Participant: 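Just passing along the structure, written as structure tokens.
Keep in mind it's a predicted model, so treat the numbers as computed, not measured. In this chain, residues are counted from 1 in sequence order.
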Amino acid sequence: MTPLHHRQANHPISAGATRLQPLHWLPLAALNLLRNPFGELTRADRVRAAVVDLAPFREILDTEMTAIQFLADCGRGKTTHLLAIANQFPESAYVYLPEDGRHPKIPDGDPLLIDEAQRLPWLVRRRTFRRGVRLVLGTHVDLRGPLRRAGYRVWTYHVGQNLSGRQLAEMLNRRIEIARLDRGPIPTISIEEADALIEQHSNDIRAIEDTLFDRFRQQAGQFHGEMRFND
């Protein structure tokens, strides 16, 4: 059983939160948290929590007719990469294609970022690739063939294959920091604890976050000085 550690921060993220809501409405207030860190995040918070080296992607996208595809199964971090890149380009457009229901219209933007691009119907994909704008795709299926036929130079990244405990700990601790309630210590996850989560879930970040969501939920209103994530 490994305890989550606590750390002191220099600057609060949610200053004044205790004045906005009574503490009895904040079940994780005893942990100095405004909410469960591993619940749904806003798009802005997902960008803040992203641990992505953007330099190589910016360099690639400096050239016309370039496409980047992030290839991986669900939960490995494709969406995080797309949103982090979109945040770097004011003229970009991001669209998510749901599994069920009607797909949204493909927006105008350069670069154009398409999440779950393997769901593009053939005709829509053909028209979209013919636009010639820079593309960033999150996909389960390798789309190098149709991209190259449309005249693109393609860079493929397999997301999450080399996930380390250090990288994972940084990702998870950024999410906890975003949920900070006020000054003072908050829980943190060590590299050793992150290694244990990788041992349990491999590189499935979504499964890891779901596990931690349940651990924090179990601790709500029951904190007595030490929080444990791995019982």
Side-chain angles (χ1 to χ4, degrees), residues 35-36 38-54 56-161 163 171 175 178 201-210 213:
R35 61 183 180 275
N36 192 318
F38 298 100
E40 288 298 320
L41 294 179
T42 65
R43 175 170 172 174
D45 281 346
R46 292 191 74 165
V47 172
R48 288 170 62 196
V51 180
V52 178
D53 179 7
L54 294 170
F57 308 131
R58 284 196 298 261
E59 184 176 350
I60 290 169
L61 293 171
D62 278 344
T63 305
E64 295 183 354
M65 290 301 293
T66 54
I68 299 171
Q69 62 170 356
F70 294 105
L71 189 62
D73 292 333
C74 289
R76 268 63 183 180
K78 299 187 300 298
T79 297
T80 297
H81 279 73
L82 265 64
L83 292 178
I85 292 172
N87 192 56
Q88 300 293 304
F89 294 90
E91 303 302 319
S92 69
Y94 168 88
V95 63
Y96 170 82
L97 304 181
E99 183 174 5
D100 300 315
R102 187 173 182 177
H103 284 178
K105 179 182 177 181
I106 303 300
D108 294 323
D110 187 9
L112 174 61
L113 301 99
I114 305 176
D115 205 347
E116 303 293 351
Q118 78 281 353
R119 296 173 182 162
L120 281 167
W122 177 82
L123 185 57
V124 176
R125 185 181 73 190
R126 184 181 180 190
R127 289 173 178 168
T128 301
F129 289 4
R130 281 184 172 180
R131 292 184 188 181
V133 299
R134 297 166 293 174
L135 293 173
V136 184
L137 310 178
T139 177
H140 296 208
V141 176
D142 191 339
L143 296 174
R144 276 178 292 189
L147 285 166
R148 286 172 175 167
R149 286 193 292 274
Y152 281 93
R153 296 180 64 194
V154 184
W155 281 259
T156 300
Y157 294 87
H158 296 269
V159 181
Q161 280 193 339
L163 181 65
M171 293 177 194
R175 288 193 62 142
I178 287 170
H201 297 289
S202 186
N203 63 349
D204 191 341
I205 297 171
R206 186 174 303 167
I208 290 169
E209 291 172 345
D210 287 346
F213 178 87

Participant: Between CD1 of I106 and CG of L120, what distance do you get to the nearest 0.5 Å?
Facilitator: 5.0 Å
Participant: Do E116 and L137 make a side-chain contact, defined as non-hydrogen atoms from C-beta onward lying under 4.5 Å apart?
Facilitator: no
Participant: Atom CD1 in I178, atom OG1 in T42: separation rounded to 0.5 Å?
Facilitator: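 With rounding to 0.5 Å, CD1 (I178) is 8.0 Å from OG1 (T42).
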Participant: Given side chains that start at C-beta, do those of P146 and R126 come closer than 4.5 Å, heavy atoms only?
Facilitator: no
Participant: Do the side chains of F70 and W155 get nearer than 4.5 Å, heavy atoms only?
Facilitator: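 In short, these two side chains do not touch, never coming nearer than 4.5 Å.
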Participant: Any chance CZ of R127 has more than 12 other-residue heavy atoms, nucleotides or ligands included, within less than 6.0 Å?
Facilitator: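 No - once you tally the heavy atoms of other residues, nucleotides and ligands closer than 6.0 Å, there are 12 at most.
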Participant: Enter the distance from I208:CD1 to N203:CG here, rounded to the nearest 0.5 Å.
Facilitator: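 Going from CD1 on I208 over to CG on N203, the span is 8.0 Å.
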Participant: State, without any angle test, whether Q69 and T139 hold a side-chain donor-acceptor pair at a distance under 3.5 Å.
Facilitator: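 No, because no side-chain N or O of Q69 sits under 3.5 Å from a partner of the opposite role on T139.
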Participant: I want to check something: taking the side chain as every heavy atom from C-beta on, are D110 and S92 in contact at a cut-off of under 4.5 Å?
Facilitator: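 Side-chain contact under 4.5 Å: no.
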Participant: So which heavy atom on G138 is nearest to which on Q118, and how close?
Facilitator: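 The answer is O-OE1, 4.0 Å.
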Participant: Evaluate Y152 against L135 for side chain to side chain contact (heavy atoms under 4.5 Å, CB included), listing each step before the verdict.
Facilitator: CA-CA 9 Å; Y152 281 93; L135 293 173; 3.5 Å; yes
Participant: Write down the atom of A117, the atom of L97, and the distance for their closest heavy-atom approach.
Facilitator: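 The pair with the smallest heavy-atom distance is CA-CD1, 4.5 Å.
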Participant: Mind checking whether V133 and M65 have side chains closer than 4.5 Å, heavy atoms only?
Facilitator: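 Sidechains of M65 and V133: no contact.
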Participant: Mark yes or no for whether R76, through its side chain, and C74, through its backbone, hold a donor-acceptor pair below 3.5 Å.
Facilitator: yes
Participant: Between CZ of R134 and CG of L61, what distance do you get to the nearest 0.5 Å?
Facilitator: 6.0 Å
Participant: Decide side chain to side chain contact (heavy atoms under 4.5 Å, CB included) for L113 and L83; before the verdict, give the C-alpha distance in whole Å, the side-chain angles of both, and the deciding distance to 0.1 Å.
Facilitator: CA-CA 8 Å; L113 301 99; L83 292 178; over 6 Å; no
Participant: What are the two closest non-hydrogen atoms of R43 and A86, and how far apart are they?
Facilitator: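 Distance-wise, the nearest heavy atoms are NH2-CB, 3.8 Å.
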Participant: Measuring from I205:CD1 to L163:CG, what's the distance to the nearest 0.5 Å?
Facilitator: 5.5 Å
Participant: Nearest heavy-atom pair of G39 and R175: which atoms, and what distance?
Facilitator: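 Where G39 meets R175 most closely, the heavy atoms are O-NH2, 2.5 Å.
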Participant: Are side-chain heavy atoms of P107 and L112 found at a separation under 4.5 Å?
Facilitator: yes
Participant: Taking atom CD of E64 as the centre, does the number of heavy atoms from other residues, nucleotides or ligands within less than 6.0 Å exceed 12?
Facilitator: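 Check fails, neighbour count at 12 or below.
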Participant: Please walk me through it: do D210 and F38 pass side chain to side chain contact (heavy atoms under 4.5 Å, CB included)?
Facilitator: CA-CA 7 Å; D210 287 346; F38 298 100; over 6 Å; no
Participant: Salt bridge check, R148 against D142: does any charged N sit closer than 4.0 Å to a carboxylate O?
Facilitator: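 So D142 does not pair with R148 through a salt bridge.
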Participant: With side chain to side chain contact (heavy atoms under 4.5 Å, CB included) as the test, would you mind laying out the steps for L143 and R125 before giving the verdict?
Facilitator: CA-CA 10 Å; L143 296 174; R125 185 181 73 190; 3.9 Å; yes
Participant: Is the closest basic N to carboxylate O distance between R131 and D108 below 4.0 Å?
Facilitator: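 Yes, R131 and D108 are salt-bridged.
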Participant: Side-chain contact, heavy-atom cut-off 4.5 Å: L71 with Y157?
Facilitator: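 A side-chain contact is absent here, since even the closest heavy-atom pair is not under 4.5 Å.
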Participant: With a 4.0 Å cut-off on N to O distance, would you call D115 and K78 a salt bridge?
Facilitator: no
Participant: Does any part of the side chain of T156, heavy atoms only, come nearer than 4.5 Å to the side chain of H158, both counted from C-beta?
Facilitator: yes
Participant: Quick one: closest heavy-atom pair of R119 and P98, and the distance?
Facilitator: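 Between these two residues, the closest heavy atoms are NH1-C, 3.3 Å.
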Participant: For the residue pair A150 and F129, what are the closest heavy atoms and their distance?
Facilitator: CB-CB, 3.8 Å
Participant: Using 0.5 Å steps for rounding, measure from the CG atom of D204 to the CD atom of E209.
Facilitator: 9.5 Å
